[in-house]
There are 2 protein chains.
Amino acid sequence: MTVSQTIAGANTELSLHQRIVNEIEGRILSGEWPPGHRLPFELELAEQYGCSRMTVNKAMAQLARTGLIERRKKSGSFVIQPHAQSAVLEISEIKQEVEGLGKTYRYKRASREMRKATSDDRALLDLSASGKVVEVTALHYAGERVFCFEERLINLAAVPEAAEETFADTAPGSWLLQQVPWSAAEHKIKAVAADDDIASALSIPPGSACLVVERRTSMQGTFITHVRLTYLGSSHELVARFTPSQTGQI
Amino acid sequence: MTVSQTIAGANTELSLHQRIVNEIEGRILSGEWPPGHRLPFELELAEQYGCSRMTVNKAMAQLARTGLIERRKKSGSFVIQPHAQSAVLEISEIKQEVEGLGKTYRYKRASREMRKATSDDRALLDLSASGKVVEVTALHYAGERVFCFEERLINLAAVPEAAEETFADTAPGSWLLQQVPWSAAEHKIKAVAADDDIASALSIPPGSACLVVERRTSMQGTFITHVRLTYLGSSHELVARFTPSQTGQI
DNA sequence: CGGCACATTAAGTATATACATATTACCCAG
DNA sequence: CTGGGTAATATGTATATACTTAATGTGCCG
């Protein structure tokens with residue numbers, strides 16, 4: 001431990017390039033360096049911090065990846081104009097969500113059907129050829145109350161193992177996570193009035209406001225599954241957060 | 001242009017460390033390297049790619065930041081267990097949203113009031129001391145139709161300039177973007193049935209399902225503004241995407 | 001046989017160096 | 001004054017090197 005480290009205090013045990021990131025981020029967030037402002041050149045910062053250009057470069061590259069600055073050769077680095085607000089939406093599994101509320105979770109399959117893909121199915125899964133699909137509908141309970149109604153389509157061409165699975169006891173969401181570890185997903189979130197089917201499934205009056213989350217999961221370009229989750233509207237909310245520094249960590 | 005570059009084809013003009021990121025990402029996404037799998041050591045990868053350890057390190061650091069792998073000294077790097085799905089929700093300004101639909105955008109202020117913060121206001125903005133706030137309600141049109149109803153609170157302690165602004169012609173959202181360039185935000189998304197006020201503002205029958213987005217924007221710990229946007233439910237949907245590679249880019 | 005010092009290993013950080021690339025600025029010829 | 005070629009410049013990428021740090025394993029000695 002050198003003397004300078006002891007003096008530094010709080011910021012100790014942070015790498016230099018991370019400290020540079022933090023300080024620049026602070027200046028941008030505080031408005032000291034407003035959008036459009038040109039930050040010092042790498043060599044200038046290197047001199048200020050008494051380090052090499054490579055170290056500064058590492059910091060600047062990180063800031064550029066998180067979208068706080070834009071870098072132009074020969075011109076320098078500039079604070080970016082805030083465009084669209086983007087926020088990170090954490091979509092946890094329903095079981096965790098329910099247990100997070102302190103309720104006991106229960107799963108109940110309502111129906112399961114295997115069939116040749118209809119034109120509706122093909123639209124939802126972006127299928128060109130006519131393959132087979134499995135459709136599962138299920139209920140997720142929080143305590144005695146229905147929490148969420150699930151309607152799911154699984155593309156059998158992508159997940160042939162789904163033909164053997166009844167989903168009587170396992171929720172298709174967590175089952176699929178075992179089969180297909182990582183994927184890209186596309187979500188649509190909307191509010192709808194409950195139709196008669198949904199109303200009876202959720203035991204609410206027809207016409208009630210419900211939050212609907214539709215997710216389409218793909219892997220390497222082909223769609224695996226499409227799911228529509230219908231929540232009892234007033235009792236459920238999604239939370240999304242935006243913090244510039246963690247952008248990296250989606 | 002060397003011969004090898006010409007042969008490479010599609011992947012040309014990608015930096016080596018980015019190519020390494022892509023290939024490893026592919027193996028993880030395809031399931032070839034399942035969660036928990038230990039990837040080759042930096043030195044092994046360096047040899048495979050015929051490059052230095054630094055280059056591999058850059059790639060691995062990026063994968064670690066995006067949350068695809070976890071790195072442990074002396075042990076190696078491991079594919080991470082899939083936790084919660086997180087998706088990036090792009091929340092653009094309403095004007096852009098409307099124009100993206102090919103409709104003409106129009107803004108109309110409904111009311112504006114400056115007052116000492118009530119206890120409700122203080123709860124929404126996390127105010128401890130009793131300061132002043134401005135409350136603005138406004139309508140956003142898409143063509144002839146109301147698209148969205150806005151109810152906004154602005155913390156005057158954080159943005160004193162708001163006292164002088166009437167918001168008769170400028171939407172508070174875009175105005176605030178000028179004043180407070182960068183910030184963190186927290187969103188809640190839910191479905192509600194329109195009460196009488198909302199119903200008359202949006203000219204829909206009371207009880208209709210509406211999508212509500214509530215956003216609380218903070219800077220350096222203090223809350224700037226709270227806004228509730230009420231959309232005509234069935235006509236509007238939010239879209240969120242998850243792609244592992246871009247996690248960095250919020 | 002148990003515990004602790006020490007060596008080993010893999011990643012983390014930082015540096016100097018080198019060359020590539022994109023873009024701007026400048027200067028000179030027409 | 002204008003256009004185009006060229007030099008200067010800031011970032012981008014890659015390398016070899018060196019030292020640090022944390023975790024794991026090993027072996028020695030009481």
Side-chain angles (χ1 to χ4, degrees), chain A residues 1-6 8 11-24 28 33 36-80 248-249, chain B residues 1-6 8 11-24 28 33 36-80 248-249:
Chain A
M1 311 263 172
T2 71
V3 177
S4 70
Q5 278 179 326
T6 315
N11 262 22
T12 315
E13 60 204 283
L14 250 137
S15 59
L16 179 52
H17 74 259
Q18 194 54 54
R19 256 188 47 216
I20 300 180
V21 167
N22 291 346
E23 292 188 21
I24 292 180
I28 294 176
W33 288 350
H37 178 261
R38 206 213 76 216
L39 9 166
F41 300 123
E42 290 191 348
L43 278 172
E44 296 179 273
L45 285 170
E47 203 181 349
Q48 283 176 36
Y49 284 97
C51 66
S52 76
R53 183 172 81 92
M54 279 299 295
T55 305
V56 175
N57 183 285
K58 210 169 173 176
M60 304 281 267
Q62 196 170 319
L63 287 164
R65 252 199 310 278
T66 65
L68 267 189
I69 66 173
E70 188 204 337
R71 316 201 68 194
R72 285 201 293 274
K73 296 186 185 184
K74 166 78 185 182
S75 314
S77 305
F78 301 82
V79 178
I80 271 193
Q249 249 295 21
Chain B
M1 310 264 172
T2 71
V3 177
S4 70
Q5 279 179 325
T6 316
N11 262 20
T12 314
E13 59 205 282
L14 250 138
S15 58
L16 180 51
H17 74 260
Q18 195 54 54
R19 256 189 48 217
I20 300 179
V21 167
N22 291 345
E23 291 187 22
I24 293 182
I28 295 177
W33 289 350
H37 178 261
R38 206 213 76 217
L39 7 166
F41 300 124
E42 290 191 350
L43 278 172
E44 297 180 273
L45 285 171
E47 203 181 348
Q48 282 176 35
Y49 284 97
C51 66
S52 76
R53 183 172 79 92
M54 279 299 296
T55 305
V56 175
N57 183 283
K58 209 168 174 176
M60 304 281 266
Q62 196 171 318
L63 287 164
R65 253 199 309 277
T66 65
L68 267 188
I69 67 173
E70 187 203 338
R71 316 202 69 194
R72 285 202 293 274
K73 297 185 186 183
K74 166 80 185 180
S75 312
S77 306
F78 301 83
V79 178
I80 271 194
Q249 252 294 22

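What you see below is based on every heavy atom in this structure, not just the backbone, and it leaves out hydrogens, waters and symmetry mates. Chain naming here is simple, since letters A, B, ... match the order of the sequence lines and numbering starts at 1 in each. As the structure is a prediction and not an experimental result, all values here were calculated from the model.
- Distances were taken from every side-chain heavy atom of A/Arg53 (C-beta onward) to each of C/dA16, D/dT11, C/dG12; the shortest belongs to D/dT11.
- Taking all atoms of both residues into account, the shortest heavy-atom contact from A/Leu16 to A/Tyr49 is CD1-CD2, 4.4 Å.
- Taking every heavy atom of residues 38-48 of chain A and every atom of DNA chain D, pairs under 4.0 Å involve A/Phe41, A/Glu42, by number.
- Between B/Pro40 and B/Trp33, the shortest heavy-atom contact is CD-CH2, 3.8 Å.
- Among the nucleotides C/dT15, D/dT13, C/dT13, the one closest to the side chain of A/Cys51 is C/dT15.
- The neighbour count for B/Glu44 CD, taken as heavy atoms of other residues, nucleotides or ligands under 6.0 Å away, is above 12.
- Of the candidate nucleotides D/dT13, C/dT13, D/dT15, D/dT15 has the atom nearest to the side chain of B/Ser52.
- As a whole-Å value, the separation of B/Glu70 CD from C/dG12 P is 11 Å.
- Contact record, A/Ile69 with A/Ser77: CD1-CB, 4.2 Å, taken as the closest heavy-atom pair.
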> What's the verdict on side-chain contact (heavy atoms from CB on, under 4.5 Å) for B/Gln48 and B/Leu45, showing C-alpha distance, side-chain angles and the deciding distance?
Replying inline: CA-CA 5 Å; B/Gln48 282 176 35; B/Leu45 285 171; 4.0 Å; yes

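- When the C1' atom of C/dT13 is taken as reference, atom OH of A/Tyr49 falls 17 Å away, rounded to whole Å.
- Remark: B/Ser15 is in phosphate contact with D/dT13, judged by side-chain N or O atoms under 4.0 Å from OP1 or OP2.
- Residue B/Ser75 places none of its side-chain N or O atoms closer than 4.0 Å to OP1 or OP2 of C/dT9.
- Regarding B/Met60, its CE atom lies at a distance of 14 Å from the P atom of C/dT13, rounded to whole Å.
- As a whole-Å value, the separation of B/Gln18 CD from D/dG12 P is 13 Å.
- Atoms CE (B/Met54) and C1' (D/dT13) sit 11 Å apart, rounded to a whole Å.
- The shortest distance between the side-chain N/O atoms of B/Arg72 and the OP1/OP2 oxygens of D/dA23 is not below 4.0 Å.
- In this structure, CD of B/Gln62 is placed 14 Å from P of C/dG12, rounded to the nearest angstrom.
- For D/dT15, one of the phosphate oxygens OP1 or OP2 lies less than 4.0 angstrom from a side-chain nitrogen or oxygen of B/Thr55.
- If you take CZ on A/Arg71 and CG on A/Asn57, they are separated by 5.5 Å, rounding to the nearest 0.5 Å.
- Side-chain proximity of B/Lys73 to the nucleotides D/dT15, C/dA22, D/dA22 is greatest for D/dA22.
- Comparing D/dT15, D/dT13, C/dT9 by their nearest atom to the side chain of B/Lys74 picks out C/dT9.
- Computed from coordinates, the B/Asn57 CG to C/dT15 P distance equals 15 Å when rounded to whole Å.
- Close to D/dG12, at under 4.0 Å from its OP1 or OP2, lies a side-chain N or O of A/Arg71.
- Exactly one of B/Thr66, B/Leu14, B/Leu68, B/Leu63 qualifies for a side-chain contact (heavy atoms from CB on, under 4.5 Å) with B/Val21. That residue is B/Leu63.
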